[in-house]
Amino acid sequence: MPDLTHFIEQIKNGGVVAFPTETVYGLGADAKNASAVKKVFELKGRPADNPLIVHVASIDEINDFAAEVPPQAIKLMDSFWPGPLTLVFKKKSRVLDIITAGLDSVAIRMPDHKIAAEFISRTGPLVAPSANKSGRPSPTKAEHVRHDFGLNFPVIDGGATEIGLESTVLDLTGNVPSILRPGKIGAEEIQKTAGIKVAAHQEYPVEKPKSPGQKYSHYKPEARIYYGGISGFEEHVLYLLQNESHPNKKNIISYNGNLERLSHDLYDRFRQADLEGYDAVYIEEIESLQAQFPSLYSALRNRILKAIGHA
Ligand code: TXA
Ligand code: MG
């Protein structure tokens, strides 16, 4: 465990500190300090109409933010917290408007990560969007954060994040819980573990997105992203293949049909493509792995479509 004292002081003084979670690195600021939260929007270049997730270290802490905690939420928290499941509640009026972008709901999650848990338990609840500049791929390593925000930016280094894709966002404010952003925890697992039926994520943009973040193009490197069948290999392209491996070609990478591995590596590969000057990243289709990895399949497909600019 790194020494957190100095980072905790920075948060208490209204500063911004990046920290690791099990999904991606977050850009943390005190969720009860409006000027600290404002700095997060400014640093990221994030549109003001895209709300932030509040991160807590204990279930009790949601009572400062959520106005209503339906029985289903209690079941979900028991089953999946700490973990990569963000829940959207009706908000208490005292929740800072800048966090919720003026919505009457607030998103909350409890990360499953030793450093994050210790950090938040000592700072109090933190807002934490992914610690990338708006539009860039989410950071899965401390060096990604430094690349976007500078070498001297305060980041708690916890090594590479385990999952590599952002949390599932589940809206609990409507009649039926619905997935606004797909992640590692999918509809099947929620049904199986908590016995709750949820509406799966709708891939194509709706007129007025309920999760405002979903309307922005995200997760994008400079390199163009292509997805589908692959025939032939070119030098200036980085290939992410299911199984075919070419040990002597460093631009051809196989993840051995394991979507956990592709999730873990995807954003790092996007960033690698830019750093090493590749023109494009080709991702071989993953449909054939859907049955084996249903939730990661939906999450990856969502991020790939966004990186292409289609969703
Ligand atoms: O895994 C994660 O969730 C990471 C780590 C750092 O915890 N955080 C993250 O935050 O991905 P961010 O800000 O990059 O994405 C938050 C998503 C956005 O799509 C946003 O629109 C949605 O959550 N969101 C936040 N508050 C919401 C609300 N009240 N209603 C609907 N969607 C909300
Ligand atoms: Mg983000």
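Fair warning: this is a prediction, and the values are worked out from it, not measured in the lab. These values consider heavy atoms only, across backbone and side chains, with no hydrogens, waters or symmetry-generated copies. First listed ligand is number 1; within each ligand, the first listed atom is number 1.
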Select one of side chain, backbone, both or neither to describe which atoms of K91 lie under 4.0 Å from any atom of ligand 1, heavy atoms only.
-> neither

Got a second to check how far R181's CZ is from T168's OG1, nearest 0.5 Å?
-> 8.0 Å

Of the backbone and side-chain N, O or S atoms of S134, does one lie nearer to the Mg ion (ligand 2) than 2.8 Å?
-> no

At a 4.0 Å threshold, what atoms of ligand 1 neighbour a non-hydrogen atom of P129?
-> 10 (O), 12 (P), 13 (O)

Give the single entry among A128, S138, G28, A131 that approaches atom 8 (N) of ligand 1 most closely by any heavy atom.
-> A128

Compute the shortest N/O to N/O distance between T21 and ligand 1 and return yes if it is under 3.5 Å, no if not.
-> no

Closest to atom 24 (N) of ligand 1 among P51, P139, P47, S105 (heavy-atom distance) = P51

What atoms of ligand 1 come within less than 4.0 Å of a heavy atom belonging to G26?
-> 6 (C)

Considering only heavy atoms, which of K90, K184, H55 lies nearest to atom 7 (O) of ligand 1?
-> H55

State the atoms of ligand 1, each with its element, that fall below the 4.0 Å cut-off from a heavy-atom position in S130.
-> 8 (N), 9 (C), 10 (O), 12 (P), 14 (O)

Of all the atoms in ligand 1, which lie at a distance below 4.0 Å from a heavy atom belonging to A107?
-> 25 (C), 26 (N), 27 (C), 29 (N)

Answer yes when R136 and D148 have at least one side-chain N-carboxylate O distance shorter than 4.0 Å, and no when they do not.
-> yes

Return yes or no for this condition: an N or O of T23 is under 3.5 Å from an N or O of ligand 1.
-> yes

Derivation and outcome, side-chain hydrogen bond (donor to acceptor under 3.5 Å, both in side chains), residues Q272 and Y278 = CA-CA 8 Å; Q272 176 194 350; Y278 288 102; 5.2 Å; no

Pairing of R94 and D64 as salt bridge, 4.0 angstrom limit | yes

Can an N or O of E166 be found at a distance shorter than 3.5 Å from an N or O of ligand 1?
-> no

Under 4.0 Å between a Lys/Arg side-chain N and an Asp/Glu carboxylate O for R224 and D279?
-> no

Identify, by atom number and element, the atoms of ligand 1 in contact range of S167, meaning under 4.0 Å from any of its heavy atoms.
-> 1 (O), 2 (C), 3 (O)

Does K192 come within less than 4.0 Å of E188, counting only side-chain N to carboxylate O?
-> no

Would Y226 and E284 count as having a side-chain donor-acceptor pair, cut-off 3.5 Å?
-> no

Salt bridge or not for E189 and K184, using N-O below 4.0 Å?
-> no

Report yes if the distance between the aromatic ring centroids of H246 and Y239 is under 6.0 Å, otherwise no.
-> no

Any T100 heavy atom less than 4.0 Å to ligand 1 | no

Is N50 close to ligand 1, meaning an N/O of one under 3.5 Å from an N/O of the other?
-> yes

Given a cutoff of under 4.5 Å between side-chain heavy atoms of I, L, V, M, F, W and Y, with clusters grown through shared members, what are the other residues clustered with M1?
-> L4, F7, I8, I11, V17, F19, I115, F119, I120, L126, I156

